Each structure stands twice: as structure tokens, then as C-alpha cells.
Amino acid sequence: MPISFEIRPSDHPVPDAERQAVLAAPGFGEHFTDHMATLRWTTEQGWHEARVEPYAPLSLDPATVVFHYAQEFFEGMKAYRQDGGAIVMFRPRWNAARFNRTARRLAAPQLPEDVFVRMLELLVTQEQDWVPSGDGNSLYLRPFMIATQRGLGFTLPSRSYLLCAIASPASYLGGGGTPRPLTVWLSEDYTRAAPGGTGDVKAACNYAPAFAAQQAAVARGCDQVVWLDAAEHVWVEEMGGMNLFFVYAAKDGRHRIMTPALTGTLLPGVTRDSLLHLAPTLGIDVEEGRISVDQWRAECASGELVEVFACGTAATVIPVGAVRSASGDWLVGDGGVGPVTLMLRQSLMDIQYGRAPDPFAWIHKVC
Ligand code: COI
């Protein structure tokens with residue numbers, strides 16, 4: 001039976017002036033809109049009770065599975081207010097498919113992709129006044145699913161789940177304007193993911209252990225952690241919330257960008273995938289390969305490697321200017337923002353804000 005969402009508008013929306021103040025300087029993940037979408041699943045009823053309802057705290061029994069065994073996963077997506085006034089989402093089906101891949105890995109139920117997209121369309125339509133305008137601004141969407149069964153028995157996965165989607169006005173992680181290059185810390189002692197684990201899906205359990213490494217990075221004056229492979233601690237994988245790209249000096253007038261291949265231990269990001277498609281249209285060759293820490297340092301020294309950038313939905317495209325590690329520090333290029341990074345960032349943004357043609361049909365109009 002098709003799932004239809006009941007819309008229950010809030011009686012107490014945030015006052016206009018307060019909302020405008022948030023939209024003028026949204027930051028990232030600090031403010032939330034008036035509504036959320038919810039949908040429940042049980043083994044007996046399947047998906048049911050679909051709603052867009054007032055944003056409110058969830059009430060859960062302290063013995064709920066999610067609190068003890070971390071059966072939680074999520075997506076990060078954005079809705080944009082385009083220059084022409086339309087409100088759009090970026091590749092929502094891509095996220096719907098990854099949400100289901102994660103669900104499969106965590107033994108949670110599959111959600112029809114159409115329902116995932118419909119839920120977000122309804123939430124964004126309801127919250128259209130919360131979508132900020134202006135370069136770099138968006139409404140960040142965070143759909144997530146939690147196991148809601150009560151009980152500590154660690155035998156079979158939960159027999160009930162809550163899917164919830166919340167929305168938060170956002171400027172780029174790290175602020176708008178020309179991005180400040182990141183200084184990154186190579187985590188040579190902690191590991192993010194190992195083969196056969198959950199590193200290639202968007203499970204919350206990948207994020208909690210990253211806080212200690214992030215603390216270590218901040219203590220050394222760095223912004224973010226770069227994770228290496230679990231077996232040798234040599235091969236560069238990703239940055240926890242972002243994928244990495246390495247930009248090589250032009251040969252015969254063409255640059256080449258390389259990103260670590262999807263070996264099963266790093267998260268396939270939608271921005272990573274989009275750049276792999278977009279770059280060739282801009283005359284840039286792309287490669288999925290691998291790079292060791294020693295190679296990264298040596299190729300920066302030789303001038304072969306000229307830029308490095310990170311990418312993700314929250315971060316978009318953001319340069320990496322300097323690397324610190326237990327075995328030494330080095331700069332990428334002159335430590336500033338490179339032209340290839342800026343071109344890719346701008347080209348992606350031009351599609352998202354409706355200023356450039358959308359050759360891959362990535363834009364999904366909401367209202
Ligand atoms: C996103 O980019 O949407 C993410 O999920 C990263 C998050 C850790 C901020």
C-alpha cells in the first residue's frame with residue numbers, strides 16, 4: 001500500500017524575526033526548523049505512521065536498543081534556494097540508495113527510494129521559508145534511522161525502528177566565502193575502519209570513535225583528522241566527514257585528480273562521486289587510486305602534487321593547505337587555495353544554485 005504522509009503544522013513556529021536572524025548567519029548544525037518528518041517500522045506492520053510534524057524531543061525507554069548497541073545510521077543532504085527562486089535538492093536518490101545500503105549492513109529494514117525522497121520533499125516544502133539564499137547557504141537535511149525496540153538481549157536486530165528527518169539552515173562547514181585551507185593531522189595510531197567493518201556505510205558507530213582522534217588533531221593545532229588504512233597505517237583513506245582528492249601538476253595542459261579508490265573501508269561520498277563525473281567536463285583527468293603518506297610528502301616536495309582538497313556535503317570542496325604527523329609536517333603547494341580546487345568548487349556550486357546547465361540531471365526540483 002502506498003505510504004502517505006500526514007502533515008501536522010506546528011502551532012508555535014519560530015517567530016519571523018528570529019528565523020531571519022538565523023538565516024543571516026546560520027553556521028552549521030546549530031539551528032533547527034519548525035518541523036521534522038517521522039516514519040515508523042515494525043516487523044508486524046512494516047512502514048506506517050508517516051508524518052511531517054512539529055519538531056520536538058523524542059521520548060525513548062532507557063533500555064532502547066539504539067542507546068546500547070548503536071543501531072543508528074544517517075544521511076547528509078542539502079536543499080538549495082536557486083537564483084531563480086526554485087528550491088531544489090541535490091541527487092536525493094543517490095542518498096536514498098546509500099541509506100538502504102547502510103540499512104542492509106546494520107540489519108535494518110529497507111525503505112523504498114520514492115518514500116525517502118517524498119519524505120524530504122514534503123519536509124523541505126513545509127520549511128521553504130527556512131532555506132537561506134546566497135552563495136554557500138543551504139538547508140542541511142539529516143535523515144536518520146534508530147532501532148527503537150526495548151531490551152538488552154543481543155540476539156537479533158531490533159523489530160522496530162524510527163526514521164526521522166530534521167533540517168538545519170547551514171552555511172558551509174567552516175563558514176562562507178573563499179574557504180580557509182585546512183591543516184590536517186595524520187592519525188597513525190587510531191583506526192577508523194577495517195575490512196569487513198562498517199567504514200563504507202554511513203553508520204553512527206563510525207563517528208563516535210573519531211572524536212578522540214579529532215581531539216588529538218585539535219590539540220596539535222589541526223582542523224581535521226586524516227585516516228590511514230587499518231593494516232599498514234600507510235595508505236591515505238579519508239577524513240571521517242569528507243573524502244580527499246589529490247591534484248597533480250598539469251601535463252600537456254591537463255591536470256589530473258586522484259582520489260583513494262573505494263576499497264570497502266572508506267565512505268563513498270556523493271560529492272566525491274559528483275566531482276569524478278564533473279572534472280572531465282572541465283578538462284581534468286580523474287583517477288581512483290591510492291597514495292601513501294610517504295608519497296604524499298615526496299610528491300609535495302617535488303612539485304608533482306600541487307593541491308589537495310577535501311569534499312563532502314557539509315564541507316562541499318575545501319582545500320588542505322598543511323599536513324602534520326608524528327613523523328613531520330609539510331605544506332601542500334604554498335599552503336594556500338589552488339586554482340583547480342576553486343574551479344571544481346565553483347562549478348559544482350554553479351550547478352547546485354542553477355547558474356550552470358545540469359548535464360547529469362542531478363538537480364531535483366522541490367518547489
Ligand atoms: C555530511 O557531509 O553531510 C556529513 O555527514 C559529515 C558530517 C560528519 C558533518
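What you see is a predicted model, and the numbers here were worked out from it, not measured in a lab. Note that ligands are numbered from 1 as they come in the structure, with each ligand's atoms numbered from 1 the same way.
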Visitor: Would you please classify the geometry between the Phe32 ring and the Tyr55 ring as parallel, tilted or perpendicular, with 30° and 60° separating the classes?
Guide: parallel
Visitor: Just grab all the side chain to side chain donor-acceptor pair (under 3.5 Å) pairs involving residues 358-367, residues at least two apart or on different chains.
Guide: Glu121-His364
Visitor: Counting from 1, what ligand 1 atoms have a heavy atom of Tyr140 closer than 4.0 Å?
Guide: 1 (C), 3 (O), 4 (C), 5 (O)
Visitor: Any side-chain donor paired with an acceptor under 3.5 Å for Gln71 and Ser158?
Guide: no
Visitor: For Ala314, is at least one N or O under 3.5 Å away from an N or O on ligand 1?
Guide: yes
Visitor: Phe74 vs Tyr207 aromatic rings, parallel, tilted or perpendicular, using cut-offs 30° and 60°?
Guide: tilted
Visitor: If you measure every N/O of Lys202 against every N/O of ligand 1, is any gap under 3.5 Å?
Guide: yes
Visitor: What part of Arg142, side chain, backbone, both or neither, has a heavy atom within less than 4.0 angstrom of ligand 1?
Guide: side chain
Visitor: Between Arg355 and Asp135, does at least one N-O distance fall below 4.0 Å, as a salt bridge requires?
Guide: yes
Visitor: Which ligand 1 atoms are under 4.0 Å away from a heavy-atom of Thr313?
Guide: 2 (O), 3 (O)
Visitor: Show me which atoms of ligand 1 lie under 4.0 Å from any heavy atom of Gly76.
Guide: 3 (O)
Visitor: So if I count the atoms of ligand 1 from 1 in the order they appear, which ones are less than 4.0 Å from some heavy atom of Phe74?
Guide: 5 (O)
Visitor: Give a yes-or-no answer on whether the side chains of Gln20 and Asp16 include a donor-acceptor pair shorter than 3.5 Å.
Guide: no
